[in-house]
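Notes follow the structure.
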Amino acid sequence: MTRLLILVLGASVAVGACGTTTSDTPLGAEAGAAAGAANPATRPAYREVTIPAGTALPLALTSAIASDTSAVEDAVTAELTSPITIDGRDVLPAGTRLAGVVTAVDDSDRVKGRAMIAFRFTSLRNEETRYDLQTAPLSHLAPATKGEDATKIGIGAGAGAVIGGILGGKKGAAEGAAVGGGAGTGVVLATKGREVRLPPGTDVTTHLTSPLTVRVGRI
């Protein structure tokens, strides 16, 4: 009888122990999952933000380009002079680096044609990540020199008239003016116009022509 009682008690303890183990296991798993979800370390360290097309990118050149020294496909670099903000938060900080290429160039010609250089930015680098981007092309045209050319021709004619008048009266003045004018014109024809030179630090502004998605660190 005593032996039977001991066996019954032992069986009850074993069943109780098994029941405790079975119920505790899923509870522990659920607690672990909840703790992992609540732990920020298990979440991605960044989120993706899209900068819409049309966003202005204020830049300062960090490389020099010029119509008389640059060639198509030469590298052009710049950096943002102010941050790009989306929903009140900076997604691209000031100093973000952009890179691009010269797309067209034409140096100054004598009388006809004005110097021109065009370029476009094609990528940027932020927090060691490189992004391809599409931006509006930029071009710079040298100022016209027609007013200066007319002045040079006028000075040539005037000087010729003075010298001609001293040497031969009215007839000499007329002939001298023609010769002087021709000399002034010759100076213009032999002189090239201005070049376009953009040194580092030159401010330029381009715009995104398509949306750009970048990764931004979480707060």
Side-chain angles (χ1 to χ4, degrees), residues 36-109 111-148 192-219:
N39 185 0
T42 64
R43 294 184 299 171
Y46 62 85
R47 63 188 178 97
E48 292 189 335
V49 177
T50 298
I51 305 171
T55 299
L57 304 177
L59 305 167
L61 294 181
T62 54
S63 62
I65 54 175
S67 58
D68 56 341
T69 58
S70 298
V72 172
E73 297 299 329
D74 279 359
V76 184
T77 58
E79 61 182 26
L80 285 174
T81 55
S82 60
I84 304 302
T85 303
I86 301 293
D87 295 332
R89 185 178 177 191
D90 293 350
V91 295
L92 289 177
T96 297
R97 295 166 289 170
L98 279 77
V101 294
V102 173
T103 56
V105 62
D106 189 10
D107 66 354
S108 174
D109 200 356
V111 179
K112 59 179 182 179
R114 290 157 63 183
M116 180 274 298
I117 191 165
F119 52 99
R120 183 197 300 269
F121 293 99
T122 56
S123 68
L124 67 80
R125 184 172 293 276
N126 182 37
E127 296 182 353
E128 304 310 317
T129 300
R130 181 183 179 277
Y131 302 92
D132 293 328
L133 74 161
Q134 297 180 30
T135 62
L138 299 172
S139 63
H140 288 254
L141 185 66
T145 58
K146 288 183 179 179
E148 295 177 4
K192 294 184 67 174
R194 297 178 183 176
E195 299 293 347
V196 179
R197 296 188 177 94
L198 305 178
T202 300
D203 291 326
V204 297
T205 299
T206 188
H207 295 77
L208 290 176
T209 56
S210 64
L212 173 65
T213 300
V214 297
R215 292 180 175 182
V216 179
R218 290 184 180 275
I219 298 176

Can you check whether [X] reaches [Y] side chain to side chain, under 4.5 Å on heavy atoms?
X: Leu124; Y: Asn126; value: yes
X: Thr77; Y: Phe121; value: no
X: Val91; Y: Ile51; value: yes

Any donor-acceptor N or O pair under 3.5 Å, side chains Glu195, Ser67: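 Distance-only check passes for Glu195 and Ser67.
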Residues Asp90 and Thr85: side-chain donor-acceptor under 3.5 angstrom: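 A donor-acceptor contact under 3.5 Å links the two side chains.
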Smallest separation among heavy atoms of Leu61 and Ala78, with atom names: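 Between these two residues, the closest heavy atoms are CA-CB, 3.9 Å.
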Pairing residues for Ala104 by the side chain to side chain contact (heavy atoms under 4.5 Å, CB included) criterion, not counting sequence neighbours: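 Checked Ala104 against side chain to side chain contact (heavy atoms under 4.5 Å, CB included); matches are Met116, Ala118.
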To the nearest 0.5 angstrom, please state how far the [atom1] atom of [X] sits from the [atom2] atom of [Y].
X: Thr96; Y: Glu127; atom1: OG1; atom2: CD; answer: 8.5 Å
X: Leu57; Y: Thr205; atom1: CG; atom2: OG1; answer: 8.5 Å
X: Thr135; Y: Leu98; atom1: OG1; atom2: CG; answer: 7.5 Å
X: Asp107; Y: Ser70; atom1: CG; atom2: OG; answer: 11.0 Å

Residue pairs fulfilling salt bridge (Lys or Arg N to Asp or Glu O under 4.0 Å) with at least one residue in residues 54-73, sequence neighbours excluded: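 Applying salt bridge (Lys or Arg N to Asp or Glu O under 4.0 Å) to every pair that reaches into residues 54-73, excluding sequence neighbours, yields Asp68-Arg197.
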